Amino acid sequence: MIDGLPPLREVIAAHDLRAKKSFGQNFLLDLTLTARIARAAGDLTEADVFEVGPGPGGLTRALLAGGARRVLAVEKDRRCLPALAQIAGHWPGRLQVVEGDALAIDPRAHLRPPIKVVANLPYNIGTELLIRWMTPPAWPPFWQSLTLMFQREVAERITARPGTRAYGRLALMVQWRADPRIVLTLPPEAFTPAPRVSSAVVHITALPAPRFPADPRILERVTAAAFNQRRKMLRAALRTLAPDIEHHLRAAAIPPTARAEEIGLEAFCALARSLAAPRA
Ligand code: SAM
């Protein structure tokens, strides 16, 4: 027992929190497991934590027991609020629960840096939130690290290396400005109800600056075009970006006959820089 509060199965029975598919609810009821996820987020004692979708509060409890300075938890399903209020009462002044849509809330209005994001995300908004957190108007972002549960297949796309099938836009977007690592993989049975696929927790730490210089909009255009036609040679896949694309590919030391999958982040950034520069 991590905190003297009732076991999660009792909490769920007491508040009739039967999981609903429409909310993307797959709960973690094993507090040893939620404690492992909280630990994967690193030292919490000097950080505020933003949690998306606390549900009955298994991960929330682990974050608080793990010493988080403050936790802001945003939950869309109002049925969970009484259970979360009980946790807030147990840890006075440290848990703020907001009922609402995580996509509509700015955590900076409630939390003090450094801010860590930790969540067992609803799968239907997981990728959208990740993309949003990875593409703020200015870098560094509001968060110091993201510790997030994804479907395993998505976690593998985030951490993928060149030359693999999972490698693509998501890997490049995340790895350009952050270090992602899979820290835990979980079978479907770890959740109630069990989803169809395995899951994985990814820990992502923000770099102070992008790994290589590039204009984010141009880099995104290049990787979108390259991977939308990933089987094509780059000189064909990127033809719409510039009439003299072969010149830019050579300037970036990329063979025009290469395919997107073979090209690393540094070369994509060099290509974005070449496309941004007016040709002498
Ligand atoms: N954190 C809990 C756990 O680990 O057991 C619940 C995880 S469950 C996969 C996802 C949670 O996110 C649910 O409680 C669901 O109601 C909530 N949720 C779904 N969509 C949301 C949204 N747009 N904003 C905030 N919470 C959302």
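Atoms within a ligand are numbered from 1 in the order they appear, just like the ligands themselves. Bear in mind the structure is a predicted one, so any value in this text is a computation, not a measurement.
More than 12 heavy atoms of other residues, nucleotides or ligands shown are found within 6.0 angstrom of CZ on Arg273.
Among residues at least two apart or in separate chains, ring pair (Phe, Tyr, Trp, His ring centres under 6.0 Å) pairs with a member in residues 163-195 are Tyr167-Phe227.
If you number the atoms of ligand 1 from 1 as listed, the ones under 4.0 Å from a heavy atom of Gly53 come out as 1 (N), 2 (C), 6 (C), 7 (C), 11 (C), 12 (O), 17 (C), 26 (N). Interface atoms of ligand 1 facing Ala102, defined by a heavy-atom separation under 4.0 Å, are 22 (C), 23 (N), 24 (N), 25 (C). Near Leu28, meaning under 4.0 Å from one of its heavy atoms, ligand 1 places the atoms 3 (C), 4 (O), 5 (O). Counting the atoms of ligand 1 from 1 in the order shown, those under 4.0 Å from a heavy atom of Val74 are 25 (C), 26 (N). Atoms of ligand 1 found under 4.0 Å from any heavy atom of Gly100 (numbered from 1 in listed order, with element): 24 (N), 25 (C). Counting the atoms of ligand 1 from 1 in the order shown, those under 4.0 Å from a heavy atom of Gly55 are 14 (O). Short contacts between ligand 1 and Gly24, defined as distances under 4.0 Å to a heavy atom of the residue, involve ligand atoms 8 (S), 9 (C), 10 (C).
The side-chain contact (heavy atoms from CB on, under 4.5 Å) test applied to His15 returns Val11, Leu17, Pro82, Ala83, Gln86, not counting sequence neighbours.
Nearest to atom 23 (N) of ligand 1 among the protein's heavy atoms is Asp101 OD1, 2.9 Å. Among protein heavy atoms, atom 17 (C) of ligand 1 sits closest to Glu75 OE2, 3.3 Å. Ranking the protein heavy atoms by distance from atom 4 (O) of ligand 1 puts Asn120 ND2, 2.8 Å first.
Proximity of Met149 to ligand 1, defined as any heavy-atom pair under 4.0 Å, is not found for any part of the residue. Contacts of Ile125 with ligand 1, taken as heavy-atom pairs under 4.0 Å, involve the side chain alone.
Ligand 1 is never approached by Ala119 to a heavy-atom distance shorter than 4.0 Å.
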